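One structure below.
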Amino acid sequence: MLFRSTALAALAATASASNATGPYALQIKGKDNSDINGYAAACHAGAAIEGLCYSEGSALPASVTEFYYNYTSYDTQTGEPMQPGWLVYQLSVSGTNGTELIPSAMQLELSSWGSNVYTAILMPGVEQGTSVYKDDDGTLYMEGGYDDSNFNETRPTAIPTLGKLTNFHLCYQFTGGYYYQSVGFVTTPPSHNPSCEPVDLALVEIS
């Protein structure tokens, strides 16, 4: 069941609120001389589910969708927050006490078993989200883990790693129950979806 109760979402939010930073805008900028240059906007994808859609424009809009970066842990010696973290959006819902804000973390979900594209969606709850890292300039990336492209019957003594993966793309795809141009992550480029264009996602502070 995709929908999670507001009580569980609030509990998760309380657990990670002390490690939250923001608000930020989420910039989407194309690679390879692409003219993509805009910001992520939350778009309705189902009951209490949002997608990360593209809003064109290099200038930071006044009504930009706000995001937070919630660190997953902290250093027990210094108290400093530690990466990775969750990309979190405050979903506005109508409740018994009026409008409530439900923290919703980005999750990367496989679009279909025949594809290599994971669709980015925002789901109620924080700690169920897909953890991501951010560079000093705000660019988001995934830790690649080990590289299995040359594995064989002999166990490798030195396991190569893939390093920082910035394989985010902007694709025309099903996002929840809707068809949008929205953010996805391609595990091993090139994308199986021919509409996908490689982009960088970066957190930009909102003053």
Side-chain angles (χ1 to χ4, degrees), residues 2 12 15-16 18-22 24 26-34 36 40 51-52 67-89 103-123 125-171 173-175 182-204:
L2 291 178
S16 58
S18 61
N19 291 337
T21 60
Y24 301 99
L26 183 62
Q27 187 178 38
I28 302 175
K29 194 163 188 179
K31 300 178 180 179
D32 305 327
N33 298 317
S34 167
I36 295 173
L52 286 178
F67 297 91
Y68 295 82
Y69 186 79
N70 288 30
Y71 290 93
T72 56
S73 61
Y74 63 93
D75 188 305
T76 56
Q77 300 297 319
T78 66
E80 290 295 314
M82 296 176 61
Q83 296 197 54
W86 298 289
L87 182 67
V88 177
Y89 164 73
S104 301
M106 180 187 73
Q107 296 184 23
L108 297 176
E109 295 201 343
L110 187 62
S111 57
S112 76
W113 289 115
S115 181
N116 60 353
V117 182
Y118 281 72
T119 304
I121 59 172
L122 300 164
M123 298 279 290
V126 176
E127 296 183 359
Q128 299 89 347
T130 301
S131 56
V132 294
Y133 293 79
K134 69 181 180 75
D135 252 332
D136 292 339
D137 64 356
T139 300
L140 300 182
Y141 66 92
M142 310 290 289
E143 281 287 0
Y146 59 76
D147 181 359
D148 64 353
S149 60
N150 293 305
F151 279 15
N152 54 40
E153 66 275 9
T154 303
R155 188 185 190 280
T157 53
I159 303 177
T161 61
L162 293 168
K164 299 177 180 180
L165 299 181
T166 57
N167 297 353
F168 290 100
H169 285 63
L170 194 60
C171 313
Q173 59 185 338
F174 284 103
T175 307
S182 65
V183 172
F185 186 88
V186 176
T187 53
T188 308
S191 168
H192 187 265
N193 178 341
S195 76
C196 291
E197 298 184 64
V199 297
D200 280 324
L201 301 184
L203 294 172
V204 178

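As the structure is a prediction and not an experimental result, all values here were calculated from the model.
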List the steps and the verdict of side-chain contact (heavy atoms from CB on, under 4.5 Å) for Gln83 and Tyr71.
-> CA-CA 6 Å; Gln83 296 197 54; Tyr71 290 93; 3.6 Å; yes
Please assess Val186 against Asn193 for the test side-chain contact (heavy atoms from CB on, under 4.5 Å), listing each intermediate value before the final yes or no.
-> CA-CA 9 Å; Val186 176; Asn193 178 341; over 6 Å; no
Apply the test side-chain contact (heavy atoms from CB on, under 4.5 Å) to residues Met142 and Leu108: give CA-CA distance (whole Å), side-chain angles for both, the deciding distance (0.1 Å), then the verdict.
-> CA-CA 11 Å; Met142 310 290 289; Leu108 297 176; 4.2 Å; yes
Give the C-alpha distance, both sets of side-chain angles, the deciding distance and a yes or no for side-chain contact (heavy atoms from CB on, under 4.5 Å) between Thr139 and Lys134.
-> CA-CA 5 Å; Thr139 300; Lys134 69 181 180 75; over 6 Å; no
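For the pair Thr187 and Asn167, the minimum side-chain heavy-atom distance is 4.5 Å or more. The shortest distance between side-chain heavy atoms of Met123 and Ser104 does not fall below 4.5 Å.
Using a 3.5 Å distance cut-off with no hydrogens or angles, the side chains of Asp32 and Ser34 do not pair a donor with an acceptor. Using modelled atom types, one finds a donor on one side chain and an acceptor on the other under 3.5 Å when comparing Thr119 with Gln173.
The CG atom of Leu87 sits 12.0 Å away from atom CD of Gln107, with the distance rounded to the nearest 0.5 Å. The distance from atom CG of Asn19 to atom OG1 of Thr72, rounded to the nearest 0.5 Å, is 8.0 Å. Put simply, CG on Leu140 and CG on Leu165 are 13.0 Å apart, with the number rounded to the nearest 0.5 Å. Rounded to the nearest 0.5 angstrom, Ile36 CD1 and Gln27 CD are separated by 12.0 Å. Taking OG from Ser131 and CG from Asn70, the interatomic distance works out to 12.5 Å, rounded to the nearest 0.5 Å. Ile28 CD1 to Ser182 OG: the interatomic distance, rounded to the nearest 0.5 Å, is 9.0 Å.
The minimum heavy-atom distance between Thr175 and Ala120, with the atom names listed, is CG2-O, 4.3 Å. Taking each heavy atom of Gly184 and Val117 in turn, the nearest pair found is CA-CG1, 4.5 Å. Nearest heavy atom pair, residue Phe168 against residue Val183, reads CD2-CG1, 4.1 Å. Scanning all heavy atoms of the two residues, the minimum distance from Ala105 to Val126 falls at CB-O, 3.4 Å. Here the closest non-hydrogen pair linking Pro198 and His169 is N-CD2, 3.5 Å. The two residues Lys31 and Asp200 come nearest to each other via the heavy atoms CE-OD1, 2.9 Å.
Under the salt bridge (charged side-chain N to carboxylate O under 4.0 Å, His left out) criterion, the residue pairs touching residues 161-171 are Asp135-Lys164, with sequence neighbours excluded.
Ring geometry for Tyr89 versus Phe67: interplanar angle of 30 to 60°, hence tilted.
Residue Phe174 places its CZ atom among 12 or fewer non-hydrogen atoms of other residues, nucleotides or ligands, all under 6.0 Å distant. The environment of Tyr24 atom OH is dense: over 12 non-hydrogen atoms of other residues, nucleotides or ligands sit within 6.0 angstrom.
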All N/O donor-acceptor pairs, side-chain side in residues 149-159, below 3.5 Å, sequence neighbours left out:
unit_1 : atom_1 : unit_2 : atom_2 : d
Ser149 : OG     : Asp147 : OD1    : 2.8
Ser149 : OG     : Asp147 : OD2    : 3.4
Asn152 : OD1    : Thr154 : N      : 2.8

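By the salt bridge (Lys or Arg N to Asp or Glu O under 4.0 Å) test, Lys29 is found to be paired with no residue, residues two or more places apart in sequence or in another chain being considered.
Residues Tyr141 and Tyr133 bring their aromatic ring centres within 6.0 Å.
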